[in-house]
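Since the structure comes first, as structure tokens, the remarks are kept for the end.
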Amino acid sequence: MTETVTVRVQRYRPEEDTAPWEQSFEVPYSEDLSILDALNQIKDQQDPTLSHRWSCRMAICGSCGVMVNNEPKLSCKTFLRDYREQAAVTVRALDNFPIERDLVSDISGFIDHLETVQPWLIRSEEQPVSAGAYPQTPEQMQRYAAFSQCINCGLCYAACPQFGRDPAFLGPGALALAQRYNLDSRDEGAAQRMQWLNAGEGVWSCTFVGYCSEVCPKDVDPAAAINRGKVASDINYAVNLLNILRGKDDA
Amino acid sequence: MHKPYIQRQRADWWLRNPAYRRYMLREATALPLFLYTLLLMSGLFQFTRGEAAFLQWLEMLRSPWLLALHGLALAAALFHAVTWIALVPKILVIDTDRLRVSPAAVKLAHQVGAVVCNAGLLLLAVLLLRAAAGN
Amino acid sequence: MRRSHEPVAWSLFGAGGMLLAFIGPGLVLTTALLPWLAADDPQATHAAIGALLAHPLGKLLVLACVALPLFHTLHRIYHGLHDLHLPAPRLPLQLLCYGGATLLSAVTGWWLLQV
Ligand code: SF4
Ligand code: FES
């Protein structure tokens, strides 16, 4: 007989359910079985009505985020063998996002915040294509490289209690991306992005819980990005105050 | 059919994950440190009232309650110092074309600085009070 | 989105946090031991502290050691209460915490001018 493990999966079927509930499945165990493999086994062999998201199966598309035993994880990058001592593995939809169905979250709040911070190279004057690329040294690239590794999985949002409290908070992923462009030597948009950082819904909702950086599967360290953003916003506040005192307009 | 289930944060969210409990413990260091600051203020106030009042305050510091507060405040101050300095290199990033200091070096400098300052303060206080008593 | 005034609170919180990391444990240990350190000659301890408080730099130092930790701790307490879902609107809580820190700092400054 093959060894099995108990996987408890959160179900939510909007047609019938008013709240999520838990369903247990027995999944044949093997050393190389990921949580995603287990979910696919359940869907293919046991219950075709189970809904969950995935695409690349190799930790790059960012679509398979779920809570595994209360921690935000990419299900394709998390293996059942790491939960052998526990009696069961519990898989839920990501915290802090609306649940569309079963394990499928609606992360559009996060995506909207990403767009808010204008995550693209902003130039005061675009140079014509004929002028070639904007040059950048490896050292200059190193300054934002870590912040550019984000795959938009939303795990950091599921980890952030301040986003859980107030979904208007731009949150770790979006603020890390803002920092990624602000630190890019080719970008001239930091002044424009400052208004988003400066807001209460910007960097100032963060209390440096730091769990976002712990769960990020790409070592983006969004908590560091946000808190460096606080320093920038702090300086911006002081400069603005001086300008007001000198009779210039409030920005 | 579109009927998303909205997850609301529970008031006990911070009990449900060890990372959140550590965060709350870090924030809770503020409580004993706040009370300790009030104790410092009371000492200053008694000082303004004259020598007798101040010496009475000094004697009061021997009470078990205030020793307990000191113990709690010491634990809080140490936990605060360790967790605070661990985060400094994430906020204080020295990385310009002219000057680059690694995060590890920034952290080490703060750790050494904190040990020297804390030990130095205690040593200075002991030596000064000894010298004052000797005169 | 509107500009937040949190930078004021955060700067003071940060200064207090740095100060507490660098001298907090040493200061707590010093006052914990003070009655015993002073046991031989309490009057001399009183005089030594008096000398510290008589100097303008000493006054400034003591003010920093009281005011910055006040802003640091009350900032954390304010955010902690919000984290704990204290069912109170933000403004009165802000007035209580930051107003309290300001008031207690002012009182400390006043006392320092008395000695
Ligand atoms: S910062 Fe990390 S955890 Fe957050 S969305 Fe990007 S990759 Fe995911
Ligand atoms: S399936 Fe693409 S990241 Fe997991």
Side-chain angles (χ1 to χ4, degrees), chain B residues 9-11 13-14 23-24 26-31 33-34 36-41 43-45 47-48 51 54-55 58-62 66-67 70-71 73-74 76-78 80-82 84-85 88 91 110 113-114 117-123 125-126 128-135, chain C residues 14 16-53 62 65-70 72-80 83-87 101 104 107-108 110-115:
Chain B
Q9 187 182 67
R10 293 164 45 154
W13 62 270
W14 56 279
Y23 160 72
M24 271 304 187
R26 184 190 83 192
E27 300 302 290
T29 58
L31 286 169
L33 289 173
F34 174 65
Y36 174 75
T37 312
L38 294 183
L39 180 67
L40 281 187
M41 282 183 69
L44 176 64
F45 174 62
F47 195 95
T48 64
E51 190 184 73
F54 178 74
L55 294 183
L58 206 58
E59 275 313 300
M60 190 184 75
L61 289 185
R62 292 178 191 261
L66 290 183
L67 281 176
H70 269 105
L74 181 63
L78 285 170
H80 163 76
V82 170
W84 185 269
I85 289 175
V88 166
I91 301 173
H110 279 79
C117 286
N118 279 302
L121 174 69
L122 184 61
L123 201 70
V126 172
L128 280 180
L129 290 177
R130 289 252 150 154
N135 287 336
Chain C
M18 204 52 107
L19 187 84
L20 279 171
F22 273 72
I23 65 162
L27 190 62
V28 173
L29 262 177
T30 302
T31 58
L33 299 175
L34 200 58
W36 288 274
L37 288 173
D40 286 351
D41 189 351
Q43 280 86 8
T45 298
H46 176 263
I49 291 173
L52 173 75
L53 295 180
V62 173
C65 289
V66 172
L68 292 178
L70 281 174
H72 172 86
T73 53
L74 284 164
H75 177 79
R76 276 198 161 160
I77 289 168
Y78 165 68
H79 281 283
D83 286 350
L84 291 172
H85 288 215
L86 185 83
L104 290 173
V107 168
T108 303
W110 171 248
W111 287 339
L112 282 167
L113 292 176
Q114 308 301 300
V115 292

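Just so we're on the same page: letters track the sequence lines, and every chain starts at 1. Model, not experiment: these values are computed from the prediction.
- Only the side chain of B:Y36 comes within less than 4.5 Å of a heavy atom in chain C; its backbone stays farther off.
- For chain B, the option among C:L27, C:T108, C:L29 with the highest count of heavy-atom pairs below 4.5 Å is C:L27.
- With contacts defined as side-chain heavy-atom distances shorter than 4.5 Å, the pair B:H70/C:L33 does not qualify.
- With a 4.5 angstrom heavy-atom cutoff, C:L74 touches chain B only via side-chain atoms.
- For B:N118 (side chain) and C:A21 (main-chain N/O), a donor-acceptor pair under 3.5 Å exists by modelled atom type.
- The distance from atom NE2 of C:H79 to atom CD of B:E27, rounded to the nearest 0.5 Å, is 9.0 Å.
- For C:R76 against B:A30, the heavy-atom pair with the smallest separation is CB-CB, 3.6 Å.
- Interatomic distance, CG of C:L68 versus OG1 of B:T37, reported as 10.5 Å (0.5 Å rounding).
- Heavy atoms of B:V88 lying under 4.5 Å from chain C belong exclusively to its side chain.
- For C:A38, the part lying near chain B is the side chain, with the backbone staying farther off; criterion is any non-hydrogen pair under 4.5 Å.
- Contacts of B:R26 classified as salt bridge (charged side-chain N to carboxylate O under 4.0 Å, His left out), with partners at least two apart in sequence or in another chain: none.
- The most heavy-atom pairs under 4.5 Å with chain C, out of B:L44, B:L67, B:V126, come from B:L44.
- The shortest distance between side-chain heavy atoms of B:W13 and C:D83 falls below 4.5 Å.
- In this structure, the portion of C:V115 lying under 4.5 Å from any heavy atom of chain B is its side chain and not its backbone.
- In this structure, no portion of B:L128 lies under 4.5 Å from any heavy atom of chain C.
- Contact detail for B:A77 and C:G24: the closest heavy-atom pair is CB-C, 3.9 Å.
- For the pair B:R62 and C:W36, the tightest heavy-atom approach, listed with the atom from each and the gap, is NH1-NE1, 3.2 Å.
- Looking at B:L40, the atoms closer than 4.5 Å to chain C (heavy atoms on both sides) all sit in the side chain, from C-beta outward.
- Ranked by heavy-atom pairs under 4.5 Å with chain C, the list B:I91, B:L58, B:L66 is led by B:L58.
- Your options are C:P69, C:A39, C:G14, C:A101, and the one with the most heavy-atom pairs under 4.5 Å with chain B is C:G14.
- Across all non-hydrogen atoms, the minimal contact from B:A125 to C:T30 is CB-CG2, 3.5 Å.
- With values rounded to the nearest 0.5 angstrom, C:Q114 atom CD is found 10.5 Å from B:F45 atom CZ.
- Residue C:L53 touches chain B through its side chain alone, counting heavy-atom pairs closer than 4.5 Å.
- Heavy-atom distances place both the backbone and the side chain of B:L78 under 4.5 Å from chain C.
- Here the closest non-hydrogen pair linking C:A48 and B:L129 is CB-CD2, 4.4 Å.
- No part of B:E59 comes within reach of chain C, as not one of its non-hydrogen atoms sits under 4.5 angstrom from that chain.
- Comparing C:T31, C:T45, C:L70, C:L20 by heavy-atom pairs within less than 4.5 Å of chain B, the highest count is held by C:T31.
- Options C:L84, C:L86, C:V28 differ in how many heavy-atom pairs under 4.5 Å they form with chain B, and the most are formed by C:V28.
- Looking at C:H72, only its side chain comes within 4.5 Å of chain B, counting heavy atoms on both sides.
- With chain B as the partner, the residue from C:V66, C:I49, C:T73 showing the most heavy-atom pairs under 4.5 Å is C:T73.
- The heavy-atom pair separating C:M18 from B:W84 by the smallest distance is SD-NE1, 3.4 Å.
- For B:M60, no part sits under 4.5 Å from any heavy atom of chain C, backbone or side chain.
- Residues passing the ring pair (Phe, Tyr, Trp, His ring centres under 6.0 Å) test with B:F54 are B:F47, B:W57, C:H46, sequence neighbours excluded.
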